[in-house]
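Report on the following structure.
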Amino acid sequence: MNPIVTISGGGIIGNYISSRLKKNNIESVIVEKSKNQKLSRENIRTLTLNSFSKKLLDDIGIKIPFAPIKEISVFDGDGSGSIHFSSKEINEENLSYVVFFNDLQQKLQDQDEHQTFFENQIEDIIQDNEKNYSEIKLSSKDTIKTKFVAGCDGRNSNVAKIAELNEKKSSYNQTAITFTASCETKDAYLAHQIFSEKGIFAIMPLPQNDKKSTHTIVWSVENNNLLDTSIEDYVNDNIAYFEQKLSTLIRIDSAILSFELFSHHFENYISGNVVLVGDAAHSIHPLAGQGINLGFADADALCEEIISSYEKSMHIDQTLTLKRYEIRRKNMNLLMLKSMDFFVNLFGSKNLYVKLLRNLGLSGVNKTEFLKKFFINHAAGKNKI
Ligand SMILES: Cc1cc2nc3c(=O)[nH]c(=O)nc-3n(C[C@H](O)[C@H](O)[C@H](O)COP(=O)(O)OP(=O)(O)OC[C@H]3O[C@@H](n4cnc5c(N)ncnc54)[C@H](O)[C@@H]3O)c2cc1C
């Protein structure tokens, strides 16, 4: 088997890359660690796509239910600072689109006949620089000869380990909690984000679903607050605070999922013809819902570079092709990572002066048209991130 690209990881980003390359007649195979199984019908986890990611999906024919967000209200639960973003301010119909994770993953998986080796993983990559390809050994003992190896295998990338790439990793000392809920709100297109000592609480509208839940909640909590209590008890004991802030009852109607939060970033995304993409290369705090959008921007840049190399020449310099991808993506991702770290530290601080400054800062940005537009354009994906 001699595909042009071998993709480690059949998640959202791995499957997207495979579909996009297929539409451009470039053959790929996916090596996926887990079983080939239909994802659970219980939709709990969500993703917030920006308009750039949504366009990439539209372009390859992916259609799934979504809930548009037209306005976002951000406020400091422990102070008075607030900021309000509206799609009208950037002449767009919507700011972002909430989708169910399982819907998107399943649709991408089903859409093209991806050639996927399930319950398998890459054990070794032997690069032959003279012959311009790599030989890949799988745990099933199959071998693949390939031009590019794309690591799309998430936060603990196996490909990154085999390629011995250097990682910088740090814990946020926080846990993200997510569940679906029903609540009565006047505006179906409005999302709220509250920064408080009880955590960073985001509540966003949901696409139509069997359970008729109306909202998704992504709530990041300091691990210190969870030392003497279970996650379920923490949620039940503290949700009233946010009900009061939002003047609505919130009825939890799904299981409560939780994820340990850390950030990581690789110093280099490439080694020879091996490349890291999406969460394999970087992961960030979910507070701005940008994780998957960075992954889509990576995937788009990588596909563009591979497709353009194939259009231009029969003899491809893989390292040069991948270097162009790395130059386009690494600094943009690092900037987003650092910005998220700044916000997490700013809102995690108990220092009185920092609290005062962030209240003044939020309200100040709200009044400054230029800064506001800058933030909204980035969040909505109008400036390519
Ligand atoms: C609580 C929470 C909320 C989030 N909310 C948002 C949001 O609102 N908006 C947003 O943009 N992002 C959000 N994110 C981030 C987002 O979920 C990730 O950025 C995204 O899922 C990354 O996609 P990926 O395909 O790169 O990696 P993954 O989704 O991690 O997929 C990796 C794939 O590789 C497979 N794999 C793993 N190891 C191997 C191996 N050794 N060999 C072969 N295959 C392997 C896995 O089984 C999986 O299929 C959130 C994250 C969390 C934790």
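When a ligand or atom number is given, it counts from 1 through the structure's own listing order. A quick note: this is a predicted structure, and the numbers were derived from the prediction, not measured.
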Protein heavy atom at shortest distance from atom 6 (C) of ligand 1:
L47 CD2, 3.9 Å
Note: A280, heavy atoms under 4.0 Å from ligand 1, region reported as neither
Atom 47 (O) of ligand 1 has as its nearest protein heavy atom E32 OE2, 2.7 Å
Closest by any non-hydrogen atom to atom 20 (C) of ligand 1: pick that one out of I292, I284, N120.
I292
Under 4.0 Å to a heavy atom of N293 - the qualifying atoms of ligand 1, by number:
11 (O)
Any non-hydrogen atom of M204 lying under 4.0 Å from ligand 1?
no
Residues that, via side-chain heavy atoms closer than 4.5 angstrom, fall in one hydrophobic cluster with F262:
none
Any heavy-atom pair between the side chains of K22 and I60 that's under 4.5 Å?
no
Could you tell me the residue and atom name of the protein heavy atom closest to atom 50 (C) of ligand 1, and the distance to it rounded to 0.1 Å?
R45 NH2, 4.1 Å
Atom 44 (N) of ligand 1: nearest protein contact (heavy atom, Å)
K33 N, 3.2 Å
Within the 4.0 Å heavy-atom shell around N158, which atoms of ligand 1 are there?
41 (N)
Can you list the steps and then say if T321 with S309 is a side-chain hydrogen bond (donor to acceptor under 3.5 Å, both in side chains)?
CA-CA 7 Å; T321 304; S309 293; 3.0 Å; yes
Less than 4.5 Å apart, any side-chain heavy atom of F296 and any of L57?
yes
Does the plane of the ring in F242 sit parallel, tilted or perpendicular to the ring in F201? Use 30° and 60° as the thresholds.
parallel
Name the one of N43, N209, T46 that satisfies side-chain hydrogen bond (donor to acceptor under 3.5 Å, both in side chains) with D103?
N43
Please tell me if the side chains of T180 and F100 come closer than 4.5 Å, counting only heavy atoms from C-beta onward.
yes
Does even one non-hydrogen atom of G295 get within less than 4.0 Å of ligand 1?
no
Is the closest N or O pair between P286 and ligand 1 shorter than 3.5 Å?
no
Contact check: I13 vs ligand 1, nitrogen or oxygen atoms, below 3.5 angstrom:
yes
Answer yes or no: are there more than 12 heavy-atom neighbours, outside K23 itself, under 6.0 Å from its atom NZ?
yes
Heavy-atom distances under 4.0 Å decide this one: backbone, side chain, both or neither, for Q290 against ligand 1?
backbone
protein heavy-atom neighbour closest to atom 8 (O) of ligand 1 works out as T48 OG1, 3.1 Å
Does the side chain of K323 come within less than 4.5 Å of I270's, by heavy atoms?
yes
Among protein heavy atoms, which sits nearest to atom 40 (C) of ligand 1, and what does the distance come to when rounded to 0.1 Å?
Q121 OE1, 3.7 Å
Would you please say whether a donor-acceptor pair under 3.5 Å links the side chains of Y325 and R329?
no
Taking distance alone, with N or O pairs closer than 3.5 Å, would you say G289 contacts ligand 1?
yes
Location of contacts on T178 toward ligand 1, heavy atoms closer than 4.0 Å
neither
Using a 4.0 Å cut-off to any heavy atom of I12, which atoms of ligand 1 qualify?
25 (O)
Would you find more than 12 non-hydrogen atoms of other residues, nucleotides or ligands less than 6.0 Å from K338 atom NZ?
no
Nonpolar side-chain network containing L320, other nodes, edges under 4.5 Å
none
Distance under 4.0 Å to a non-hydrogen atom of G10: what atoms of ligand 1 satisfy this?
49 (O)
Could you tell me the residue and atom name of the protein heavy atom closest to atom 31 (O) of ligand 1, and the distance to it rounded to 0.1 Å?
G11 CA, 3.8 Å
Return the closest protein heavy atom for atom 21 (O) of ligand 1 as residue, atom name and distance.
F101 CE1, 3.5 Å
Give the contacting part of L257 toward ligand 1: side chain, backbone, both or neither, where contact means a heavy-atom distance below 4.0 Å.
neither
